[in-house]
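The structure under discussion appears below in the form of C-alpha cells.
Computed over heavy atoms, backbone and side chain alike; hydrogens, waters and symmetry mates excluded. Quick note on labels: first sequence line is chain A, next is B, and so on, each numbered from 1. The structure presented is a predicted model; accordingly, all values stated were derived computationally and were not measured.
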Protein chains: 2
Amino acid sequence: MSWTRQGGGHERRSYHHGNLREALLEAALQLIAANGPAGFTIAEAARLAGVSPAAPYRHFSDAGALIAEVALRGFERFADALERAWNDGRPDPVRAFEALGRAYLSFARQEPAYYAAMFEARIAAEAYPGLQAAGDRAFGVLRDASERLIGDLPRETRPPALMMALHIWSMSHGIASLFVRADPSRRKLPMSPEDLLEAGVLLYLQSLGLAGAKKP
Amino acid sequence: MSWTRQGGGHERRSYHHGNLREALLEAALQLIAANGPAGFTIAEAARLAGVSPAAPYRHFSDAGALIAEVALRGFERFADALERAWNDGRPDPVRAFEALGRAYLSFARQEPAYYAAMFEARIAAEAYPGLQAAGDRAFGVLRDASERLIGDLPRETRPPALMMALHIWSMSHGIASLFVRADPSRRKLPMSPEDLLEAGVLLYLQSLGLAGAKKP
DNA sequence: GGTTGATGTAAGAGTCTCTCACATGAGCTG
DNA sequence: CAGCTCATGTGAGAGACTCTTACATCAACC
C-alpha cells in the first residue's frame, strides 16, 4: 500500500507530499521490522518517504514521538486482535481463553514492528498520554476474560481476577519475548511457543479447578 | 570502585590508562543503568574513562561488542545468583524453587544495567559465542531445579522438566520485564512483583500435585 | 641501549539529530 | 479572480557520534 498522494511509486511531483505523516509511520514500521527499534532513524524514514531530513519534524517533535505513535497504534491493533480472539467467551470460555493466548503470540509474530515499538522501545509512557490508555484497553480484555472464566467458581476458591490476568499476561509476554521475538538462531524449543503457552495456561487453569481434563 | 591504575580519581597522569578495558565496561554499566542500552555511547564511555574517543576501539571492535561483553558477564552473575538461590534444593525443593523465582526478580531489580544488556539490547547471540553458553548455564539452573522438583512424582503424572522450566522462566521473565523493569510511573499492581510471581509459581506447582497447600 | 608491540592520540570522513530562515502552494477571503 | 495566510516542505548548518588511519608513547624484552 502506498501513502503518497499520487498513489503510485515513490516519486513525488508536487512540492508538498500530501500524506507525509502516514508515509513516515509506514516507513518506521518497515525499518523497525527490519532492524529493531534502534535501527530506525528519522533520516532514513524521510528518505523512504522521498522528503528532506527536516520534513518529519513538521509532524513529530522528535524520533521518540514517532515511535510512540507507532506504539499507540500497535496497542490499539493489539487490543482489537485480543478482543476478536476472546470473542466474548465463545464457543466456551476455556477455548476462548486459549484463543486469547494464541492471539498474543500471533501478534508478536505477525506484527514484529508494532510489538517492538510497544514493548522494546522503552518509551516513557507518561509522556504520551494515549499510550497508557491504549495499553490498559488491551490488558482489560485479558482481565475481563479472567473475570468471566472464574465467575463459575465458588467464592471461597475464587482467585482475584486481576491476579489471574497478570499471571497469564506475564507468561504470554515472557514466551513472546523469549521465544517468538528472539533471533531464529536461538535455543531450539521442544515445542512451538504456541503449544508451550497453551500447556502453561491449561496447567494454570487446572490448579484453579477450571479446565480439569487434558485437551481432547 | 575505580579502575584506573592510580586507584584514585579519574585524572590519569601516564599516557596509557592501565585498565581501560575494565574502565569501559564499568562506564557502560553506569550509562546503561541511567539511560537504557540505547543511552550508552562509546564516546561517552571514553569520556568517563578519561581517554580519547578512539581509544575504546583498541579493546572492542564496536559498540555492540562492548554491550555483548556486558551481557556475557551479566549472564554469568545471573547464573551464579540463581545457583546460590536454589542452593541445591535446600532447605526443601519447593522453598528453594520459590527462592529461585525471587532471585530472578531480584537480579532484574538490583542489576538493571546487566539485565538490560542481556535481554533488551537485541544482541545477535550467534556473533558472540560465549553468550549462548552463559545464557544456557543460567537456564540450566532452572532446568535442574525443575527436574529435582518433579523427581518424586509418579512417572504417569510427571511433566517434562524442560517444559516446566520454560514455563517458570517465561513467567519470571514476563513479570520482570513488565513490572520490575517498567518505569515507576507504570500501572500500579495490587501486589509486589515478588508476591505475584510466588503466587503464580505456587498455583503452577499445585496443578502438578506439588506444593499442594497454600503457604503457611 | 635499542627494538617492538600494545595502547594511546589527533584528525577526519560519513551519518544522524534537530534548528532556523526561507520557499511553496492550497485554501480562504473579499 | 487577486491576494493573503499558514501548514508543510527545503537548504544549510551546528553539534554529536561511529569508526578509520596515521602517528605517538612507553613497558617489556632482547
Side-chain angles (χ1 to χ4, degrees), chain A residues 3-7 10-28 30-32 34-70 121-124 127, chain B residues 2-7 10-28 30-32 34-70 121-124 127-128:
Chain A
W3 293 104
T4 63
R5 186 172 44 183
Q6 289 74 23
H10 44 71
E11 345 220 353
R12 174 172 50 101
R13 305 189 182 284
S14 66
Y15 186 87
H16 290 95
H17 182 287
N19 210 355
L20 182 53
R21 187 183 170 85
E22 293 301 324
L24 290 170
L25 290 166
E26 185 66 20
Q30 284 182 33
L31 293 172
I32 295 173
N35 315 315
F40 153 84
T41 67
I42 291 270
E44 183 70 18
R47 215 167 290 132
L48 282 179
V51 296
S52 77
Y57 293 94
R58 295 291 179 196
H59 299 275
F60 300 97
S61 61
D62 57 21
L66 206 167
I67 301 274
E69 174 73 22
V70 173
R122 302 201 62 63
I123 303 166
Chain B
S2 165
W3 296 102
T4 62
R5 186 172 45 182
Q6 289 73 23
H10 44 69
E11 345 218 354
R12 176 172 47 104
R13 303 187 182 287
S14 65
Y15 187 86
H16 290 95
H17 182 287
N19 210 353
L20 182 53
R21 187 181 169 87
E22 292 301 325
L24 290 170
L25 290 166
E26 185 65 19
Q30 285 182 34
L31 293 172
I32 295 172
N35 316 317
F40 153 84
T41 66
I42 290 271
E44 183 70 19
R47 214 168 290 132
L48 281 180
V51 297
S52 77
Y57 294 93
R58 295 292 179 195
H59 299 274
F60 300 98
S61 61
D62 57 21
L66 206 168
I67 301 275
E69 174 73 23
V70 172
R122 303 202 60 65
I123 304 166
Y128 306 95

A:Ala63, nearest nucleotide to its side chain (from C:dT9, D:dT10, C:dC18):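 Nearest nucleotide to the side chain: C:dC18.
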For [X] and [N], give me the distance from atom [atom1] to atom [atom2], rounded to whole Å.
| X | N | atom1 | atom2 | result |
| --- | --- | --- | --- | --- |
| A:Leu66 | C:dC16 | CG | C1' | 15 Å |
| A:His17 | D:dA7 | NE2 | C1' | 15 Å |
| B:His16 | D:dA24 | NE2 | P | 14 Å |
| B:Tyr15 | D:dA28 | OH | C1' | 17 Å |
| A:Glu22 | D:dT8 | CD | C1' | 16 Å |
| B:Asn19 | C:dA6 | CG | P | 18 Å |
| B:Leu20 | C:dT9 | CG | C1' | 13 Å |
| B:Leu31 | D:dA16 | CG | P | 16 Å |

Residue list, salt bridge (Lys or Arg N to Asp or Glu O under 4.0 Å) with B:Glu44, at least two apart or on another chain: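 With neighbours one apart ignored, the set is B:Arg47.
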In Å, rounded to the nearest 0.5 Å, how long is the span from [atom1] of [X] to [atom2] of [Y]?
| X | Y | atom1 | atom2 | result |
| --- | --- | --- | --- | --- |
| B:Tyr128 | B:Ile67 | OH | CD1 | 9.5 Å |
| B:Thr41 | B:Asn35 | OG1 | CG | 9.5 Å |
| A:Ile42 | A:Phe60 | CD1 | CZ | 8.0 Å |
| A:Phe40 | A:Gln30 | CZ | CD | 12.0 Å |
| B:Asn19 | B:His59 | CG | NE2 | 9.0 Å |
| B:Leu24 | B:Tyr57 | CG | OH | 10.5 Å |

For DNA chain D, find the residues of residues 38-47 of chain B with a heavy-atom distance under 4.0 Å and give them by number; none if there aren't any.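 The stretch gives B:Thr41, B:Ile42, B:Ala43, B:Arg47 as the residues lying under 4.0 Å from the strand, ordered by number.
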Nearest nucleotide by nearest heavy atom, which residue falls closer to the 5' end of DNA chain D, B:Arg58 or B:Asp62?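 Whichever sits nearer the 5' end wins; that is B:Asp62.
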If only side-chain N and O atoms of B:His59 are considered, is one of them under 4.0 Å from the OP1 or OP2 phosphate oxygen of C:dA6?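 No, B:His59 has no side-chain N/O under 4.0 Å of OP1/OP2 on C:dA6.
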